[in-house]
Amino acid sequence: MTNIRETEPIVAGKGCLIRVFIDEDKKKSGTPGSHWTEVSYDGEPDSLFEVPNHWHKYHDEYWTVLDGKFEAVINGKSRIFQPSDGEVHIPRRQVHGIKAIKGIRSTLKESTNPSGEFKEAFLRDLNQNGNPGFWLAMRVFYDGDTYPIVGTPFRIVDQAFVTVLGFIGKFLAPAPASNISSVAPH
């Protein structure tokens with residue numbers, strides 16, 4: 001019997017819901033994949049799910065399309081992903097972005113290595129006010145290992161951008177959200 005717990009869902013804009021899962025057995029043993037998210041997009045014309053190009057310094061990501069299709073850009077190459085593609089590995093420092101395709105209901109599973117609660121904390125913090133706004137986004141990126149691409153091929157520029165503006169954002173944006181709570185286990 002698996003011991004999987006789902007935390008409170010995160011509303012990430014119109015038509016987009018993020019569910020967060022924790023496998024308590026894997027968490028106890030330190031096994032990768034103990035935490036994951038499932039992003040559901042309703043496919044409606046006025047809904048939106050898009051994560052602009054960015055990269056991570058300290059974690060890899062793994063994507064699996066559970067249903068529907070998503071368009072992703074990984075290292076400058078655009079591609080449509082669907083369930084038959086299986087798991088897609090995005091190593092740390094690799095530039096990537098993803099968006100839902102209008103009119104197609106879709107669900108994307110995402111996990112990280114290392115695994116842990118940091119992704120849930122990042123997503124709750126970023127979505128605490130609905131639309132995060134510039135300063136909240138910068139503060140959350142600063143706290144959460146996300147570096148948007150700012151127009152140069154040099155990652156040090158992306159880091160400097162987030163470091164300076166994220167630090168300023170600590171004074172101008174709301175404090176980190178701390179509402180990580182459980183709902184019924186699966």
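If you read the sequence from its start, that first residue is 1, and numbering goes on from there.
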Could you give the distance from [atom1] ([X]) to [atom2] ([Y]), rounded to the nearest 0.5 Å?
X: Asp67; Y: Thr107; atom1: CG; atom2: OG1; result: 3.5 Å
X: Ser111; Y: His89; atom1: OG; atom2: NE2; result: 9.5 Å
X: Ile98; Y: Ser106; atom1: CD1; atom2: OG; result: 9.5 Å
X: Asp85; Y: Ile80; atom1: CG; atom2: CD1; result: 10.0 Å
X: Arg79; Y: Lys69; atom1: CZ; atom2: NZ; result: 12.0 Å

Side-chain heavy atoms nearer than 4.5 Å, only ILVMFWY residues, links allowed to pass through others: does that put [X] and [Y] together?
X: Leu17; Y: Ile4; answer: no
X: Trp135; Y: Leu126; answer: yes
X: Leu48; Y: Ile101; answer: no
X: Val51; Y: Val73; answer: no

Under 3.5 Å, side chain of [X] to main-chain N/O of [Y], donor-acceptor pair present?
X: Asn3; Y: Asp25; answer: no
X: Thr64; Y: Leu66; answer: no
X: Ser115; Y: Ser34; answer: yes
X: Asp60; Y: Arg92; answer: yes
X: Arg19; Y: Ile10; answer: no

### Query
How are the rings of Phe70 and Phe49 set relative to one another: parallel (under 30°), tilted (30 to 60°) or perpendicular (over 60°)?
perpendicular

### Task
Measure the acute angle between the ring planes of Phe81 and Trp63, then classify it against the limits of 30° and 60° as parallel, tilted or perpendicular.
perpendicular

Atom pairs and distances, side-chain donor-acceptor, residues 161-177, under 3.5 Å, sequence neighbours left out:
residue	atom	partner	partner atom	Å
Thr163	OG1	Gln159	O	2.7
Lys170	NZ	Asp143	OD1	2.8

#### Entry: Test side-chain hydrogen bond (donor to acceptor under 3.5 Å, both in side chains) applied to Glu120 and Thr7, step by step
CA-CA 9 Å; Glu120 178 181 6; Thr7 65; 2.9 Å; yes

Are side-chain heavy atoms of [X] and [Y] found at a separation under 4.5 Å?
X: Asp125; Y: Arg139; result: yes
X: Val95; Y: Arg155; result: yes
X: His59; Y: Glu61; result: yes
X: His56; Y: Arg93; result: no
X: Ile90; Y: Ile74; result: yes
X: Trp36; Y: Asp23; result: yes
X: Val11; Y: Asn127; result: no

List, one per line, each side-chain donor-acceptor pair under 3.5 Å for residues 146-153, sequence neighbours excluded.
residue	atom	partner	partner atom	Å
Thr152	OG1	Phe154	N	3.2
Thr152	OG1	Phe154	O	3.3

What are the two closest heavy atoms between [X] and [Y], and how far apart are they?
X: His54; Y: Pro52; answer: ND1-O, 2.8 Å
X: Gly68; Y: Ile104; answer: CA-CG2, 3.9 Å
X: Asp46; Y: Lys102; answer: C-NZ, 4.4 Å
X: Val39; Y: Cys16; answer: CG1-SG, 3.6 Å
X: Tyr41; Y: Ala100; answer: CD2-CB, 3.3 Å

### Message
What I want to check is whether the side chains of His96 and Asn53 have a donor and an acceptor closer together than 3.5 Å.
### Response
no

### Query
Using the benzene-type ring in the case of Trp, are the ring centres of His35 and Phe118 under 6.0 Å apart?
no

#### Entry: Asp42: salt bridge (Lys or Arg N to Asp or Glu O under 4.0 Å) partners, not counting sequence neighbours
none

### Query
Please walk me through it: do Phe122 and Val140 pass side-chain contact (heavy atoms from CB on, under 4.5 Å)?
CA-CA 7 Å; Phe122 172 86; Val140 172; 3.4 Å; yes

#### Entry: Residues Glu110, Lys119: salt bridge by 4.0 Å N-O rule
yes

### Message
Is it the case that atom CZ in Arg105 sees more than 12 heavy atoms from other parts of the structure closer than 6.0 Å?
### Response
no

### Query
Checking side-chain contact (heavy atoms from CB on, under 4.5 Å) for the pair Asp158/Trp55: CA distance, chi angles, key distance, verdict?
CA-CA 9 Å; Asp158 303 336; Trp55 58 277; 2.8 Å; yes

### From CA spacing to verdict: salt bridge (Lys or Arg N to Asp or Glu O under 4.0 Å), Glu117, Lys27
CA-CA 10 Å; Glu117 293 177 351; Lys27 180 180 173 183; 3.2 Å; yes

